[in-house]
Amino acid sequence: QVQLVESGGGLVQAGGSLRLSCAASGRTFSGAAMGWFRQAPGKERELVAAINWSSTNTYYPESVKGRFTISRDKAKNTVYLQMINLKPEDTAVYYCAAAPGAFITGNNYVPRSRNEYTYWGQGTQVTVSS
């Protein structure tokens with residue numbers, strides 16, 4: 001079956017860095033847009049980074065722009081989220097998600113809403129201490 005498995009989460013001090021990985025199995029996601037979401041306790045799940053199928057376009061909300069970078073390695077069927085200058089407000093469970101049908105909308109299309117993503121990982125905890 002299709003699986004997305006996140007790794008790389010952990011505890012880090014404010015100002016530190018982490019790199020999250022999302023390994024896909026069960027099918028190839030080379031034609032899928034990929035996204036990273038996060039959910040803090042009591043808050044809605046929010047998109048923090050997304051990349052289109054061909055890696056030519058990305059999206060970041062203002063809260064993480066300049067600090068987070070999404071990338072993908074199609075040969076490894078893996079997506080990464082590099083996070084630098086982490087802040088306590090970045091503490092959350094981080095989820096990887098795939099949107100296989102996004103390319104139909106356009107080559108450069110980057111989905112921004114949760115309901116556009118079909119497959120989800122189980123999440124990895126990121127905790128940033130002050």
Side-chain angles (χ1 to χ4, degrees):
Q1 73 265 22
V2 175
Q3 274 193 314
L4 297 175
V5 179
E6 302 97 335
S7 61
L11 174 64
V12 64
Q13 288 188 328
S17 302
L18 281 175
R19 189 176 82 153
L20 306 183
S21 299
C22 171
S25 63
R27 61 164 285 174
T28 178
F29 286 101
S30 60
M34 302 295 294
W36 283 97
F37 290 75
R38 69 185 180 190
Q39 187 166 19
K43 293 189 176 182
E44 293 287 318
R45 190 172 296 189
E46 61 172 348
L47 179 67
V48 295
I51 189 167
N52 72 322
W53 75 275
S54 59
S55 303
T56 56
N57 194 19
T58 56
Y59 167 78
Y60 305 94
E62 286 299 321
S63 58
V64 306
K65 195 173 289 185
R67 300 188 299 120
F68 289 13
T69 303
I70 188 172
S71 61
R72 66 194 300 170
D73 185 333
K74 289 189 175 182
K76 295 182 179 180
N77 222 15
T78 300
V79 178
Y80 304 97
L81 183 67
Q82 178 68 51
M83 305 183 292
I84 64 171
N85 192 21
L86 283 161
K87 304 175 181 180
E89 51 264 42
D90 294 318
T91 295
V93 177
Y94 283 70
Y95 298 90
C96 171
F103 73 95
I104 297 174
T105 303
N107 283 337
N108 287 327
Y109 183 63
V110 179
R112 300 186 184 185
S113 63
R114 288 180 56 180
N115 60 10
E116 295 180 276
Y117 290 84
T118 305
Y119 300 101
W120 292 83
Q122 83 291 346
T124 185
Q125 177 70 46
V126 172
T127 303
V128 184
S129 62
S130 57

Answer yes or no: are there more than 12 heavy-atom neighbours, outside Lys76 itself, under 6.0 Å from its atom NZ?
no
Set of residues satisfying ring-ring contact (aromatic ring centres under 6.0 Å, His included) with respect to Tyr95, sequence neighbours excluded:
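With neighbours one apart ignored, the set is empty.
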Only counting residues at least two apart or in another chain, list the ones meeting ring-ring contact (aromatic ring centres under 6.0 Å, His included) with Tyr119.
Phe29
Show your working on side chain to side chain contact (heavy atoms under 4.5 Å, CB included) between Ile70 and Tyr59 and close with a plain yes or no.
CA-CA 9 Å; Ile70 188 172; Tyr59 167 78; over 6 Å; no
Heavy-atom distance under 4.5 Å between the side chains of [X] and [Y], does that happen here?
{"X": "Phe68", "Y": "Trp36", "value": "no"}
{"X": "Tyr94", "Y": "Thr124", "value": "yes"}
{"X": "Tyr80", "Y": "Arg19", "value": "yes"}
{"X": "Glu6", "Y": "Leu20", "value": "no"}

Just by distance, no angles: are the side chains of Thr78 and Asp73 close enough, under 3.5 Å, to form a donor-acceptor pair?
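No, no side-chain donor-acceptor pair sits under 3.5 Å.
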Contacts of type side chain to side chain donor-acceptor pair (under 3.5 Å), residue Arg72, not counting sequence neighbours:
none
Using the test side chain to side chain donor-acceptor pair (under 3.5 Å), find all partners of Gln13 that sit at least two apart in sequence or belong to another chain.
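Partners of Gln13 under the side chain to side chain donor-acceptor pair (under 3.5 Å) test: none.
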For residues 100-112, which residue pairs pass the salt bridge (Lys or Arg N to Asp or Glu O under 4.0 Å) check, not counting sequence neighbours?
none
For residues 38-57, the salt bridge (Lys or Arg N to Asp or Glu O under 4.0 Å) pairs (sequence neighbours left out) are Arg38-Glu46, Arg38-Asp90
Would the distance check show the side chain of Lys74 and the main-chain N or O of Trp53 forming a donor-acceptor pair, the cut-off being under 3.5 Å?
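Such a contact is found between Lys74 side chain and Trp53 backbone.
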What distance do Leu18 atom CG and Ile84 atom CD1 have between them, rounded to the nearest 0.5 Å?
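Going from the CG atom of Leu18 to the CD1 atom of Ile84 covers 12.0 Å.
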